[in-house]
Structure formats: C-alpha cells, structure tokens
> 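The structure's right below; bear with me while I get my questions together.
Within every chain, numbering begins at 1; the chains are lettered A, B, ... in the order of the sequence lines, protein sequences first and strands thereafter. These figures come from a predicted structure and were not determined experimentally.
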Amino acid sequence: MTRPGLVARVLIDSPLPQLDHLFDYSVPAELAADAAPGVRVRVPFRSSGRVVDGYLVELVDAALPGLTDAGHADAEFHGTLSPIEAVVSPARVLTPEVWKLARRIADRSAGNASDVIRLACPPRQVRVEKAWLAAQAAEPAIQAQANQAQANPRQDEPAVPTPGLSEARFSEYGAGVLEDAIAKRRRLAMAAVPFPVALPAGPSIGHWAKTLAELAVETLEAGRTAILVVPDYRDQDQVQAALDVLAPAGSVSRVDARQPNPDRYRSFLACLGPEPRIILGNRSAAYAPAADLGLLALWDDGDPLHSEPLSPYAHSRDAALVRQEQSGCALVLLGHSRSVEVQRLVELGWLAEVHPATSRHPEVTPTEFQAADDQFARAARVPSAAWHTARQALKAGPVLVQVASPGYAPMLACQGCKKAARCTRCQGPLGLASAGGTPSCRWCGALAADWSCVHCAGRTFRVATVGAGRTAEDLGRAFPGVRIIIADGDHPIQQVGAEPALVIATRGAEPIAAGGYRAILLLDGQRMLGRESLRVGEDCLRWWCNAAALAAPGAAVMLAEVGGTLARAMSTWQPESFAAAELADRRQLRFPPAVRVASVSGTEADVEAALADLAEIPHVDVLGPVGMEAPLVRAVVRFAYGSGDQVAAALKAQVVRNAARRRRPKGAAFRAAPTLRVRFDDPELL
DNA sequence: AGCACGCCGACT
DNA sequence: GTCGGCGTGCTC
C-alpha cells in the first residue's frame, strides 16, 4: 500500500564511509503526510539490526528519474524499493541549506556527511520536540505575529533603551560602511577596535563583541538571520552581554554543545522557525539552520578552538566560507590579529579589508633584555622599563601581566646536573603545580615523591621554567602591598574591577578589566616563540594582540624579549603586515595555506595504493611516506586549492574500498587490520 | 557492522 | 556429485 511514484532519498546515519550516499525508499501512503524533506526516518536496512535511523533528504518523482538534487545524483538505483519503516517525527530538522553544506564540507575533506550532520543537528529530545511541535500547531498565526513584533524593534514596541550604544552604531568604522556590507552582502576581513568598552550598567566587554552584536542587530533589522561564531565560552558571554543590551528580547538563540541536551535541542528548534534570529555559538553554530541567512560572522578565526576535533575536522572558517558561497550572505571575519588564511583571501580579493576609521591603537613598546634594577623584578624576569611602567600604572588601576605557563614551575630540572627532571615511570617532564606541593609528571600524573635523577642520582630540584604561580610570588615581592590576582585555566576569572591590582594571567585567560588595564606586561616572549610549530609567530601575535586590546586608551603595553617583524607588527599595530610576510614565506615553501594538505596513514600497501590514484591529478605532490608506529606509515599530500575536489574524491574512494575490504585475520583475536585514515587541512601537520 | 553470495577441499 | 569453509561485496 505505497503511494506510487514517490521516492524518498535517505541519508543513513552511520559513520561507515561506504554508506555515505543516498538510499532510495518508497513512501507508504500512511506516511506520505509526514514524509517531508528534512525529517528523521527509520528505514529497513539489510543489516545492522534491520532498521536504521536516517534523514529524508529529498523527495523525487519516480516518473522523472535523474532529476535529483543538483550535483549529487547518485547513480540511479534500479530495483524494488523497500518502504520507509517510520517517520520519527514531522519536525524537519535537516534543512535543505544545511544538507547542502554538510554534503559539501564532507566532500571537500573525504569525510562523511552524517558526521557533519551530527554537529549540525543535536540529538533528539522527545519531550522538547513534542512541546515545540505543539506550539507550532497551536495558533501559528499569532505565534508568527508575536515573533515578528519581537524581531523587528522598528515596529510598535519601543526599542530597548540603549543609551550611548546604538545611537553611534558602527561610527568607529565610518558612516555607512558596515550597514552597506550587510545590505550588499559583502565579504569582509575586519580589524576590531582594540579597546574594551563598558556596557551601560554592566560589565566591560571587548569592543569586538559590541561590533559583532551590532552587525547582528543590523542584519535582524533588515529581516534576516545572523550567525555569530566565536571560539570559546568566555567569548560567547561577552557577545551575549552586548546582545542583552542591543538585541530585542527573545531574538537570540545560543547554540553550543556544552548546554544540557534539552536546552541545546530547544534552541536548535527555535532556529528552525521562519522568523529571522540572531544565533550565537561556538564552531558548531556555523551549521545552525537559519531562516534567510543574512550574515555569518566569525570572531578570531586564528583560535585553534575553531578547528573541529572530530572527523572530518572542518574548521569553522571553512564551513563559513562554503556556506557564504552557497547562501550569498554577508561574511565577516573579525579579529585583532590576522590569520594567514584570511590574509590569503584578502590578497585573492575574496575578502575586502575594513579597518576602524580612527587609527587609535594600544601603545606597544618592545623592550630588550635589559634587566630591571629591582632585584625582585629581575627575579620575575620583568625588564627595567616594564617594571617602572607597572609601578607607575599601579597607582591608577589594574595592571595585566601575561605569562606563558600556568602552575608554579611547569618544568623542573635536577639541581646537580641541571638536566631536565624526568618521570621515573614514563620519562615525562616533571613540574610543580603549587609552591609547597610535590612534583608530578605532566604526562602520566604520577607524583615524584621519591625521585632521583637518572643522570647524576641527585635528589633535589631546581626550577627550570617559571609558571604563573611563581611569577605571582616574585611580583608580590617586587610590588609589596599590591593585590595579586591569578587567572589561568584552573582559576578562570572573567572580570576584574578598576582598583589597583596585579593580574597574572596565562595567555588566552586574561580577565577583562573595568575601563581597561592601566598597563600591560607581556612577559615570556622568547618562551612562547620557542614552540616548534609552523604557526608560532602567528599564534604569538594573536595572543599578544588580544591581550593588548584589553588596555585602557593611552595605557602602555610592554612586550618583553621580542624584536624583529613581530615587534614591529605590534608597535605599529599592523598584524596584517606580519601575516603578509608569513604568507609569502609559505608560498615559497609550498606550505599551507598557500596550498592545502592531507595526511594519509595506514599500512604501507594501503597508503601506496591511495597515493597511486593521485598521480594523474595536477598540482599535487607527496611528502613521504614515512614510518609511524608499528605497521603504519604516513604520507602528506600537498595540492592546489583547485585540485582539492579531485584529491578528496580519489582519497574517499580509497577509504571506501579499504573499509569494505578490511577483515580481521580469522582465529587470532587480534584487533582488526588498521584502516586507511585520511585527514585534510590539519593545522598541526607541518 | 552483519549477512548473503560464491568459489575450492573432504564428505555421504 | 554436494556440504560448507571463509574471503568479498552490498546494504535502496
């Protein structure tokens, strides 16, 4: 009893690469009413427990074979179709726009669409969904009216009182520049105003958060949805605080994976409604469903938290770029510093640069190694000039000290032979979390109570590197009587007052000071630059710029132990000049983002087979393979952006073949043969 | 993942 | 001749 002529094309919710395409089913007449594109369905499947979950992606007329969603017409299936077993609920959770985005993101990184959809569609919560469906059904007209009134403050209701904030919207960027960007749906690389701003009767926030909120409200007033993507929760809180002041009540949905599941699903469902909204969240927000998307904005795209740790590992910048291209919305990449990726897009002309109209910026002074004359300041490795600056500034208000590492002494050495102290169990480095504590291993956590040095049998430690705790101790002596506040991952502090205090923070954990810091000391420059990574310079510049942007206007920012291009980029406040130089280097070296990269790992035979398929594709070269652990080898494939689709398609085909073929050697209950693994655009790769 | 199909070695 | 080993491929 099926309705003839109607074919449901279903994406199976499975991580298996060989199932990552659409399967055709017939639609039984009794399900036809609910069987709309985007609903969750249960379908029979000749294995894995007979019935599996999936999404109904599209409905097509069987009489018109081949007329499927553009581009993804899988080879037509000829055979008898099984009927859909059930429509899980009539909620159309996978919108066509999000499906297209998920498919494209998966395709460009040889991944699974269902893995991307898992980020986009949170787990179903039956009670929440029933309540939402009931609300939809009951008086939809009144509902829509109410939402319309909420979403559009220019109508009847008076706008939320926002003295001094909304009147001067965007004035920092020159009249009309950003209004125009929203209206004409431009793509912008935008430099944030590098100072904090005080909300009326509220906390201080980064000016960038106000800009983001204003862009969103502008979009909302134009009748479209804005998605704001920020890397972490402290950033979300700042934007939320600005939206509380600027945006109409009820117009903001916050989506992030840290909310309790029912809350998360509730805000997800709210995004499905027909009325425009402001959607604020972390990297997964880039995939949120949106009614008439007008703006996609990212804050600080260089932050590694924008990089998805789950397969297929897409960066939210890439998700945003793809979605912008598909939907034609405005795109804003806002930051204090500039990532090399954004610099590339600027140089290509893909993004237009926008700077604040006033050239006011933090006054950064690079200081040399000249030690302070105060012995305690010297112990705290504070340069002389910085010490004097801090002492002066502490009369007026809070002073920020940025350090590289948390803890007391993150790295210990042997007092006798000066070599690094190692864990007797696992060879990991030993460190000290607090002043009076017992040293412990940073890898395995084991306490080193009865330690002796493997080199010289010594039994006492010396401090090899200094953490925030030790710096606090030293600075306490150098500035007697001053209140000391420590902020790091273990002691997160959002906000400090305007009273004098020394705030010692690890990079990225700096609290915001009411009215801004009166001085900022960026210590540990050399240590931060000592990390071995392609991105050190870029990362350091980002950490320093983000900290310097917490200064009050006119306050001094002292950058210790750093010279050269980085120091110049800081003191002229032109991080894009560093990004441009860096990009030129990467082009020379053929490193990302001048090219894209993919790592291919597995057994030697599997990797060789995969690489063989890439031989014909232009602008591809291969580094390795080199041996990894046990039977594994890894090769790095570099390719031009234009060859990306071919490379991804070829590697995906290999992954599918490999997944279908692999079997465990019978009898011996060893683990299964290692699979071929492919990862695109890994920021840690080179 | 599971399950059927299929192509070679010992059996009623 | 056929039963059944497990390697190979498919699941609408």
> Considering residues at least two apart in sequence or located in another chain, which fulfil the side-chain contact (heavy atoms from CB on, under 4.5 Å) criterion with A:D613?
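Here the qualifying residues are A:A650, A:Q654.
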> Can you tell me how far P of C:dC10 sits from NE2 of A:H21, to the nearest Å?
10 Å
> Between A:R258 and A:Y233, is NZ or CZ placed under 6.0 angstrom from the six-membered ring centre and within 45° of the ring axis?
yes
> At under 4.0 Å between heavy atoms, what does A:L81 touch on the DNA or RNA strands: base, sugar-phosphate, or nothing?
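Sugar-phosphate: the residue A:L81, judged by heavy atoms under 4.0 Å, touches backbone atoms but no base.
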> Please give, in whole Å, the distance from C:dC12 C1' to A:R46 CZ?
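Rounding to the nearest Å, CZ of A:R46 and C1' of C:dC12 are 11 Å apart.
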> Rounded to whole angstrom units, what separation is found between the CD1 atom of A:I84 and the P atom of C:dC12?
13 Å
> Would you mind reading off the distance between A:L56 atom CG and C:dC12 atom P, rounded to a whole angstrom?
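Value for this atom pair: 16 Å.
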> Output the rounded distance in Å from CG (A:L16) to C1' (C:dC10).
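After rounding, the reported distance stands at 12 Å.
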> Verify the distance criterion only: is there a donor paired with an acceptor across the side chains of A:Q236 and A:R254 at less than 3.5 Å?
yes
> Between A:R679 and A:Y313, is NZ or CZ placed under 6.0 angstrom from the six-membered ring centre and within 45° of the ring axis?
yes
> Rounded to whole angstroms, how far apart are CD on A:Q18 and C1' on C:dT8?
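Taking CD of A:Q18 and C1' of C:dT8, I get 13 Å after rounding.
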> May I have the distance from A:Y25 (atom OH) to C:dT11 (atom C1'), rounded to whole angstrom?
7 Å
> In whole angstroms, how far is the C1' atom of C:dT8 from the CG atom of A:N658?
14 Å
